[in-house]
Student: 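Please find one structure pasted underneath; my questions will follow.
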Amino acid sequence: MIRIGYVGVNTLLPSASRTFRIANYSEQRMLETASNNIHALRDILGWNLEHEITLFRITSDLIPYGSHPINSGVWKTALRGELSAVGRFAKAHGMRVSMHPGQYTVLNSPNESFYQNALRDLDYHNSVLTLMGVDRSHKVIVHGGGAYGDKPESTRRLVERILSLPSEIRERLALENDERVFNAEEVLSVCKQVRLPGVFDVFHHEVLPSFPGKQARETIAMFGETWRSERQKIHYSNQDPIRSKGAHSDTIDEQAFCDFYAGIRGLDLDIMLETKDKQASVLKLRRLIPELE
DNA sequence: GCCGGTCAAGGTCTT
DNA sequence: AAGACCTTGACCGGC
């Protein structure tokens, strides 16, 4: 069974990513905005339930400045009940949620300060999911980080940093190939070394290829081994025809997806679609391929 | 008031 | 040294 989902916001509903300028920061404003965002998230999941969509990525902006030093972390206690409630809803309906720190969270940075920032950010993302009460199959997905002109050393540092993470954070982590630095082959190698699941991003793999000669199904199968007893997840998107290389398209290209799907049909897989039109691409592919969940 | 254009946090890589 | 990358919404200037 192949299940598809979408990322971050629903274009038909109020956003769960509301924020404000850091110059206007106050604890009260942070808590109000965060509470509103959590309720907006609940409404998005409700919409998803009505449309039988059970795969969703929660925005990193759910708690404004959630991992910034300006934020005391009081939201972890103040909003415990609201996070728990939305998590109960997700669990009750068999939903799988995830989070994805941005490209600026760099775990393998040689800069100690940036490393500490990354640790805070991973703690933030893990805390949201933990307070929701969802287990470690609901992942926090990160990229490998930078190369710093020395890939072997940067990779070694990445491995070391992952292994030294607090276990509750490490056990929720998955690694994803990016389009500039860590390709699929390198990410898979790190995943095996540190025993973490790997998220294969189909589009990044097209922009920054590896595994020459291997078909998508083979590569997905190799990544699948890293998931052990958990359900495998991959990312899928297309190149925007106008914007720069690596930019996501507005919507999923039906022909491209059909060609891709022909090679993976029959697998057990969660596929996150990354497009500007969000939920619309999920509904579009469902119409095109009714057997998709 | 509304509209459209610009900026924001975060760090790395490329030009 | 400066711009690109990414993201959506906040914010600001001009009507």
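Labels below follow one simple rule: chain letters A, B, ... track the order of the sequence lines, proteins then strands, and each chain is numbered from 1.
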Student: Is it true that A:Ser210 and A:Glu186 share a donor-acceptor pair across their side chains at a distance under 3.5 Å?
Tutor: no
Student: To the nearest angstrom, how far is A:Phe203 atom CZ from C:dC5 atom C1'?
Tutor: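 For the pair A:Phe203 CZ and C:dC5 C1', the rounded distance is 12 Å.
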Student: Does a nitrogen or oxygen in the side chain of A:Ser15 sit under 4.0 Å from OP1 or OP2 of C:dG9?
Tutor: yes
Student: Going by an N to O cut-off under 4.0 Å, is there a salt bridge joining A:Glu291 and A:Arg265?
Tutor: yes
Student: Hey, are A:Asn117 and A:Arg120 close enough side-chain-wise for a donor-acceptor pair under 3.5 Å?
Tutor: yes
Student: Could you tell me the separation between the CD1 atom of A:Ile22 and the C1' atom of C:dG9, rounded to a whole number of Å?
Tutor: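 Roughly 15 Å, once rounded to whole Å.
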Student: Output the rounded distance in Å from CG (A:Asp178) to C1' (C:dA4).
Tutor: 15 Å
Student: Distance-only, no hydrogens or angles: does the A:Arg88 side chain make a donor-acceptor pair with backbone N or O of A:Met132 under 3.5 Å?
Tutor: no
Student: Could you check A:Phe200 against A:His205 for ring-ring contact (aromatic ring centres under 6.0 Å, His included), going step by step and ending with a plain yes or no?
Tutor: CA-CA 8 Å; A:Phe200 177 63; A:His205 185 61; 5.0 Å; yes
Student: Taking atom P in both B:dT15 and C:dC6, compute the distance separating them and give it to the nearest angstrom.
Tutor: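 The same atom, P, in both gives a distance of 14 Å.
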Student: Is A:Arg157 close enough and on-axis enough to A:Tyr115, meaning under 6.0 Å and within 45°, for cation-pi?
Tutor: no
Student: Dump the pairs, protein N or O against N or O of nucleotides 3-7 of chain B, anything under 3.5 Å, distances to one decimal.
Tutor:
residue: B:dC7; atom: O2; partner: A:Arg21; partner atom: NH2; Å: 3.2

Student: For the pair A:Glu160 and A:Arg156, find out whether any cationic side-chain nitrogen is under 4.0 Å from an anionic carboxylate oxygen.
Tutor: yes
Student: Using the ring of each side chain (for Trp, its six-membered ring), is A:Phe20 parallel, tilted or perpendicular to A:Tyr65, with breaks at 30° and 60°?
Tutor: tilted
Student: C:dT8 P sits how many Å from A:Asp250 CG, rounded?
Tutor: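 It works out to 11 Å between those atoms.
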Student: When all nucleic acid strands are considered with a 4.0 Å heavy-atom cut-off, which category describes A:Arg29: base, sugar-phosphate, or nothing?
Tutor: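 Since only primed, P, OP1 and OP2 atoms lie under 4.0 Å of A:Arg29, the category is sugar-phosphate.
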Student: Please list every stem that involves DNA chain C, where a stem is a run of 3 or more consecutive Watson-Crick or G-U wobble pairs with both pairing distances under 3.5 Å.
Tutor: B:1-9 with C:7-15, B:11-15 with C:1-5
Student: With the threshold set at 4.0 Å, does a side-chain nitrogen-carboxylate oxygen contact exist between A:Glu230 and A:Arg136?
Tutor: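 Here A:Glu230 does not pair with A:Arg136 in a salt bridge, since their nearest N and O are not under 4.0 Å apart.
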Student: Are A:Lys76 and A:Asp123 ion-paired here, with the side-chain N under 4.0 Å from a carboxylate O?
Tutor: yes
Student: Answer yes or no on whether A:Arg57 is positioned over the face of A:Tyr6, meaning its NZ or CZ is under 6.0 Å from the six-membered ring centre and within 45° of the axis.
Tutor: no
Student: In whole angstrom, what separates A:Asp277's CG from C:dT7's P?
Tutor: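 Whole-Å distance recorded here is 13 Å.
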Student: Contact class for A:Asp61 (heavy atom, under 4.0 Å): base, sugar-phosphate, or nothing?
Tutor: nothing
Student: Could you check whether A:Lys151 makes a cation-pi contact with A:Phe182, meaning its NZ or CZ is under 6.0 Å from the centre of the six-membered ring and within 45° of the ring axis?
Tutor: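 A:Lys151 over A:Phe182 ring: yes.
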Student: Taking atom P of C:dT8 as reference, at what distance in whole Å does atom CG of A:Asn36 sit?
Tutor: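 Going from A:Asn36 (CG) to C:dT8 (P), I get 20 Å.
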Student: C:dG9 C1' sits how many Å from A:Tyr65 OH, rounded?
Tutor: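 Distance check: A:Tyr65 OH to C:dG9 C1' gives 10 Å.
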Student: Which value, in whole Å, describes the distance between the P atoms of nucleotides B:dC7 and C:dA2?
Tutor: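 Taking atom P in both B:dC7 and C:dA2, they lie 15 Å apart.
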Student: A:Phe20 has an atom CZ; how far is it from atom P of C:dT7, in whole Å?
Tutor: 22 Å
Student: Each nucleotide N or O in nucleotides 11-15 of chain B that has a protein N or O under 3.5 Å away: list the pair and distance.
Tutor:
residue: B:dG11; atom: OP1; partner: A:Asn117; partner atom: ND2; Å: 2.6
residue: B:dT12; atom: OP1; partner: A:Ser109; partner atom: OG; Å: 2.8
residue: B:dT12; atom: OP1; partner: A:Tyr148; partner atom: OH; Å: 2.4
residue: B:dC13; atom: OP1; partner: A:Ala147; partner atom: N; Å: 2.3
residue: B:dC13; atom: OP1; partner: A:Tyr148; partner atom: N; Å: 3.3
residue: B:dC13; atom: O4'; partner: A:Arg180; partner atom: NH1; Å: 3.4

Student: If each of A:Asn24 and A:Val7 is mapped to the nucleotide of DNA chain C with the nearest heavy atom, which maps nearer the 5' terminus, i.e. the 5' end?
Tutor: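 In this pair, the answer is A:Val7.
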